[in-house]
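Structure first, commentary second.
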Amino acid sequence: DAGVIQSPRHEVTEMGQEVTLRCKPISGHNSLFWYRQTMMRGLELLIYFNNNVPIDDSGMPEDRFSAKMPNASFSTLKIQPSEPRDSAVYFCASSSRENTEAFFGQGTRLTVV
Amino acid sequence: DQQVKQNSPSLSVQEGRISILNCDYTNSMFDYFLWYKKYPAEGPTFLISISSIKDKNEDGRFTVFLNKSAKHLSLHIVPSQPGDSAVYFCAASGFFIIQGAQKLVFGQGTRLTINP
């Protein structure tokens with residue numbers, strides 16, 4: 001298996017633009033997590049899905065952030081409009097019912113200028 | 001509300017000595033704890049875990065200790081090697097009935113540097 005695949009690896013965008021981050025979880029995994037890495041809060045859980053259904057989005061910082069999981073093999077995290085303070089590394093992770101450990105993608109480094 | 005806390009942002013240890021990384025949690029619903037290791041420009045990778053029914057789990061040079069009454073866990077690395085230099089994240093998981101699924105919550109991370 002190729003592991004969790006995130007795209008793009010790097011994204012530089014101007015303030016106010018829409019940004020879409022993509023994630024393909026490991027095949028067969030039923031939980032998917034979106035995290036944001038910051039210096040202050042470490043790996044901050046934004047939202048997670050179980051069987052494609054959003055379970056807890058309390059970590060989503062603002063209404064500018066939204067996430068979808070239209071099927072078991074794809075999820076998006078969208079920021080509209082983006083702001084400089086959104087600059088961070090965003091990670092997607094997936095896990096299965098049998099394993100509590102989550103497997104992470106390589107992350108998307110977002111820079112909003 | 002930081003449910004999982006790593007109060008030491010960084011730690012420097014000499015090669016061959018023991019590295020001890022600490023983690024505290026607040027939510028008593030957590031019943032499974034994990035440590036992840038992260039190198040620059042890579043995603044975190046799973047290192048070792050422990051269930052709340054145990055107080056110790058060992059895997060080679062890595063041992064995790066859990067003190068449920070204190071809501072505290074620690075990761076011991078002995079002997080420490082230069083390749084252990086990385087950021088270590090503590091994570092906690094629990095099945096939250098209301099939410100109907102496992103939730104994995106991480107701490108802020110501790111940057112470990114092993115000096116030759």
Side-chain angles (χ1 to χ4, degrees), chain A residues 2-10 21 23-26 29-59 61 69 88-110, chain B residues 1-10 21 23-25 27 29-54 57 59 64 86-111:
Chain A
V4 176
I5 300 173
Q6 290 187 247
S7 63
R9 289 293 310 275
H10 302 274
L21 311 182
C23 176
K24 182 180 187 307
I26 292 173
H29 281 190
N30 67 315
S31 292
L32 183 139
F33 307 82
W34 281 101
Y35 290 91
R36 178 170 67 177
Q37 184 183 8
T38 63
M39 290 294 291
M40 290 298 295
R41 299 177 70 87
L43 281 168
E44 182 184 12
L45 179 62
L46 300 178
I47 185 171
Y48 74 105
F49 296 82
N50 193 53
N51 295 325
N52 311 338
V53 176
I55 300 300
D56 182 358
D57 65 354
S58 59
M69 192 165 185
V89 181
Y90 291 80
F91 287 102
C92 174
S94 69
S95 67
S96 67
R97 192 174 291 110
E98 291 72 31
N99 287 314
T100 307
E101 67 180 86
F103 295 82
F104 281 77
Q106 290 191 296
T108 295
R109 180 173 293 277
L110 173 65
Chain B
D1 176 28
Q2 195 78 19
Q3 296 186 63
V4 178
K5 297 180 183 179
Q6 294 175 257
N7 292 317
S8 298
S10 62
L21 297 99
C23 177
D24 298 294
Y25 62 96
N27 195 328
M29 294 283 287
F30 291 138
D31 59 6
Y32 195 74
F33 304 89
L34 310 90
W35 284 95
Y36 280 76
K37 180 178 181 179
K38 184 184 179 305
Y39 291 119
E42 294 183 11
T45 55
F46 170 74
L47 187 58
I48 191 170
S49 63
I50 187 167
S51 165
S52 60
I53 63 173
K54 294 184 175 181
N57 188 26
D59 183 3
V64 55
V87 177
Y88 289 79
F89 288 97
C90 166
S93 176
F95 186 84
F96 294 87
I97 295 175
I98 294 175
Q99 293 161 351
Q102 292 277 3
K103 180 175 178 176
L104 194 59
V105 180
F106 284 80
Q108 306 95 313
T110 297
R111 182 177 299 279

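These numbers come from the heavy atoms of this one structure, side chains and all, not from hydrogens, waters or symmetry mates. Throughout, a chain's letter reflects where its sequence line sits, starting with A, and its residues are numbered from 1.
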Heavy-atom proximity to chain B below 4.5 Å, by part of A:Arg9: side chain

Donor-acceptor side-chain pairing of A:Tyr48 and A:Ser31 below 3.5 angstrom: no

Top of A:Glu44, A:Arg109, A:Gln106 for chain B proximity - count of heavy-atom pairs under 4.5 angstrom: A:Gln106

Beyond-backbone contact of B:Leu21 with B:Trp35, side-chain heavy atoms, under 4.5 angstrom: yes

For B:Cys23 against B:Val4, the heavy-atom pair lying closest together: SG-CG1, 3.5 Å

Check: B:Phe89 ring centre within less than 6.0 Å of B:Tyr36 ring centre: no

Contact origin within A:Leu43 toward chain B - heavy atom pairs under 4.5 Å: both

